[in-house]
Number of protein chains: 2
Amino acid sequence: MQEIAKLAGVSLGTVSHVLNNTATVREPRRTRVLQAIQALGYQPSQLARGLRRDHTNMIGMIIPDVTNPFFPAVVRGAEDVAFSSGYRLILCNTDNDHSKELIHLNELRTYLPAGLIVIPSNFSDLTTQAESYRQAGTGVVCIDRLPKNWSGDSVTADNKAGAYNATRHLIRLGHTRIATITGPLHLTNAKERLEGFRRAMKEAKLPLAPEYIQETRFDKQGGYSKTQVLLRLIPPPTAIFAGNDMIALGVLLAVRESGLRCPEDVSIIGFDDLDLGETTNPSLSSVSQSGYQLGTTAARLLLDRKEGDASPAKHIVLETVLKLRDSVAPPLSRETSGTRARRRNKE
Amino acid sequence: MQEIAKLAGVSLGTVSHVLNNTATVREPRRTRVLQAIQALGYQPSQLARGLRRDHTNMIGMIIPDVTNPFFPAVVRGAEDVAFSSGYRLILCNTDNDHSKELIHLNELRTYLPAGLIVIPSNFSDLTTQAESYRQAGTGVVCIDRLPKNWSGDSVTADNKAGAYNATRHLIRLGHTRIATITGPLHLTNAKERLEGFRRAMKEAKLPLAPEYIQETRFDKQGGYSKTQVLLRLIPPPTAIFAGNDMIALGVLLAVRESGLRCPEDVSIIGFDDLDLGETTNPSLSSVSQSGYQLGTTAARLLLDRKEGDASPAKHIVLETVLKLRDSVAPPLSRETSGTRARRRNKE
DNA sequence: TTGTAAGCGTTATCAC
DNA sequence: GTGATAACGCTTACAA
């Protein structure tokens, strides 16, 4: 910057002024400065600038794990709107470990980020942390799932409605013995999906045995083992609503392995609509939510706050769409399924 | 920091000294400072520190697209070793657009990052950029694929050997009409895989018609359309080596759609060994490379440089493993495949 | 309109 | 061993 000032024959302050349009610099000098900037390929130090301005152009993003197929899309969504507004993403994985989350939260603050987007880890309670950010004027928005007592901005999918619609679809096809394998119920998204499921079952006045609700982690292995449990029940379910697509994948594997067919013997619906659901056989029906949109919405919300939107906490809920593929079908006739139940009984 | 000094009754400099172990502070004061730090929950400003030290604890990571299933693993690998050494990742997507890459490269420098990990975009030539980083003492390592004229540190998979082994396996099974669908051949990884393929074919003295080599983008759609081309050839291939798993997925779809069976009519081997290859039907054989390891190795290399390793540019090449699943089988007998060829001919 | 200078939170170089 | 103090590169009153 010194060099530019020298090269353009102006003062340091003037350079800054043309850089930030913070004062009208008269024409001869102005172009000289601009040229000097070009000539030297100057880029302002984000560090110095951040230190002085008391905030940087970074947006902290805390997620459980990029490697989990649903999250990259939301990272990408956030990055896209952040980038186009001149912000950069600094990415932190927590592994669902809320002490690691805390470390990131604390350190991230020292970068004076423009904002924070958080997909909370298990059991996280970040009210105090968020408060300290808010006092520094830094927006924090939680997405996908909410920590306990969260009162700040949030963006989530309409989990309840999504689950409700999926379950209703199964019911309309004639299924009466419908089970669900949920994610960890301390996560709000898993809980809400279960609620939607329950409501649909209740409205249809269908019986819902406690064993028909299995809780596990949001992964393939969980879906696999819990499906084994479900299929051993008498009578076994003819349809399974999975808490997410990874679980649904496990369900599919377990069903196939037990000699049953999907969708003839067991219908499956997942949640998230991951790409890999299209290529399974049969392809997976799923409640589709846009991770990308989750990310863009969160980033947009953050930037709006930055630009002065001081309205009370927003809770944006994104629509879901039931994506029907080949993993659902009407149940076999009562007689047939009775036979199947008996057969399994003898094993 | 001021507050700490006051609370501990010492000078600012002393606080800095205990913080950085840059001078031995005697015991009574030392603990007082530490306690004050605890009491105030102090965290040093990474911004100020970076400005002063002339480098931050950030590592810039530039990749084409997190949303591409192979990259999250490498991001995660890099993040893990970076994090455990106190570094943070700042993530940039280029969309394979090398002008966007340039923007990131230029801006990232103003954060004074501790290092840079780059998966180059199409056609990128970052020798000049890298040079400017190197002059600032900042390490740059390229991974997965290399830009033209790259002479700096790199970490890649052994693409040639991987492709060679996959092709050899097909040959050993008895296939003689083996085609390949490559990624964009200006990318080094795509080119190397083709070379490995070629070498295996040549060694086995198998004929290789030019039409049996199809180039496309590294995605499902590319694999799909090029497979349609291949299957219309007379005679059609009985095995296809795909440049990566996304292409292989497209191959599988096209094969299935054309009424042929995999692996009976067409064997398929992909590259990368993505998770989604396990759940397709049939499950996908693939040349397995560890994206995670790619990431950790790159980060480690960077940190080694940081700690004074000034040896000449390293080119680390990671082993691949051929993962056999259900998408490969010996070809049908000559007669049968002749029949098939004739049948397709009539269409 | 333009220049001067203070200060952002650190680290590092010195005297003491 | 400890404490002033300059400097890192920038922004922003304020003075000219």
Side-chain angles (χ1 to χ4, degrees), chain A residues 1-34 36-37 40-58 86 88 106-114 132 136-138, chain B residues 1-34 36-37 40-58 86 88 106-114 132 136-138:
Chain A
M1 198 152 151
Q2 286 281 12
E3 295 180 39
I4 294 180
K6 209 187 316 172
L7 192 72
V10 299
S11 84
L12 229 154
T14 306
V15 175
S16 176
H17 279 137
V18 342
L19 234 39
N20 304 296
N21 274 319
T22 171
T24 35
V25 178
R26 260 209 222 84
E27 237 345 303
R29 318 170 86 81
R30 193 182 142 71
T31 349
R32 280 213 316 274
V33 173
L34 256 18
I37 289 178
L40 296 175
Y42 167 82
Q43 299 253 136
S45 160
Q46 296 294 342
L47 252 40
R49 182 174 273 191
L51 188 57
R52 187 57 235 243
R53 291 219 258 230
D54 217 63
H55 72 267
T56 60
N57 66 344
M58 298 180 242
R88 305 296 171 254
N106 283 330
E107 176 172 351
L108 230 30
R109 192 175 24 209
T110 73
Y111 288 111
L112 306 179
S132 107
T138 309
Chain B
M1 199 155 149
Q2 285 282 12
E3 296 180 39
I4 294 179
K6 209 188 313 173
L7 192 72
V10 299
S11 84
L12 231 155
T14 306
V15 176
S16 177
H17 280 137
V18 342
L19 234 40
N20 304 296
N21 273 320
T22 172
T24 36
V25 178
R26 264 209 218 82
E27 237 344 305
R29 318 170 86 82
R30 195 181 140 72
T31 350
R32 280 213 315 274
V33 173
L34 257 19
I37 289 176
L40 296 175
Y42 166 82
Q43 299 254 137
S45 160
Q46 296 294 343
L47 251 41
R49 181 175 275 191
L51 186 58
R52 186 57 235 242
R53 292 219 259 229
D54 218 62
H55 72 266
T56 60
N57 66 345
M58 298 182 242
R88 305 296 171 256
N106 282 331
E107 177 172 351
L108 230 31
R109 192 175 25 211
T110 73
Y111 287 112
L112 307 179
S132 108
T138 309

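Here is how names work: the chains are called A, B, and so on, in the same order as the sequence lines, proteins then strands, and each is numbered from 1.
Atoms CD (B:Gln46) and C1' (D:dC8) sit 15 Å apart, rounded to a whole Å. As a whole-Å value, the separation of B:Leu12 CG from C:dC8 C1' is 13 Å. Taking atom CZ of A:Arg32 as the reference point, atom C1' of C:dT2 lies 12 Å away to the nearest angstrom. One interatomic measurement links the two molecules: CG of A:Asp54 to P of D:dA13, which rounds to 13 Å at whole-angstrom precision. C:dT11 atom P lies 15 Å from atom CG of B:Leu112, rounded to whole Å. One can place CD1 of B:Ile4 at 17 Å from C1' of D:dG3, the figure rounded to the nearest angstrom. In this structure, OH of B:Tyr111 is placed 15 Å from C1' of D:dG9, rounded to the nearest angstrom. For the pair A:Met1 CE and D:dC8 C1', the computed distance is 13 Å after rounding to whole Å.
In terms of modelled atom types and a separation under 3.5 Å, the side chain of A:Thr31 and the main chain of A:Glu27 share a donor-acceptor contact. Using a distance-only test at 3.5 Å, with no hydrogens or angles considered, a donor-acceptor pair links the side chain of B:Thr56 to the main chain of B:Tyr111. For the pair B:Arg32 (side chain) and B:Ala8 (backbone), a donor-acceptor distance under 3.5 Å is present.
Judged by closest nucleotide on DNA chain C, B:Leu47 is the one of B:His17 and B:Leu47 placed further toward the 5' end. With the nearest nucleotide of DNA chain D identified for both B:Arg53 and B:Gly9, B:Gly9 has the one nearer the 5' end.
Within the structure, a side-chain polar atom (N or O) of A:Ser11 is placed less than 4.0 Å from OP1 or OP2 of C:dG3. In this model, the phosphate group of D:dC10 is approached by a side-chain N or O of A:Tyr42 to a distance below 4.0 Å at OP1 or OP2.
Among the nucleotides D:dG3, C:dG3, C:dG9, the one closest to the side chain of A:Thr14 is C:dG3. Distances from the side chain of A:Arg52 to the nucleotides C:dG3, D:dC10, D:dC8 place D:dC10 closest. When the nucleotides C:dG3, C:dG9, D:dT12 are ranked by their closest atom to the side chain of A:Ser16, D:dT12 comes out on top. Distances from the side chain of A:Leu19 to the nucleotides C:dT10, D:dG9, D:dT11 place D:dT11 closest. The side chain of B:Arg49 has C:dT10 as its nearest neighbour among C:dT10, D:dG9, D:dT12.
With sequence neighbours left out, B:Asp54 forms a side-chain contact (heavy atoms from CB on, under 4.5 Å) with B:Leu112.
At a threshold of 4.5 Å between non-hydrogen side-chain atoms, the residues B:Thr110 and A:Arg49 do not count as touching. Between B:Tyr42 and B:Val15 there is no side-chain heavy-atom pair separated by less than 4.5 Å.
Of the residues in residues 20-30 of chain B, those lying under 4.0 Å from DNA chain C by heavy-atom distance are B:Asn20.
Counting non-hydrogen atoms of neighbouring residues, nucleotides and ligands closer than 6.0 angstrom, the CD atom of A:Gln43 exceeds 12 such neighbours.
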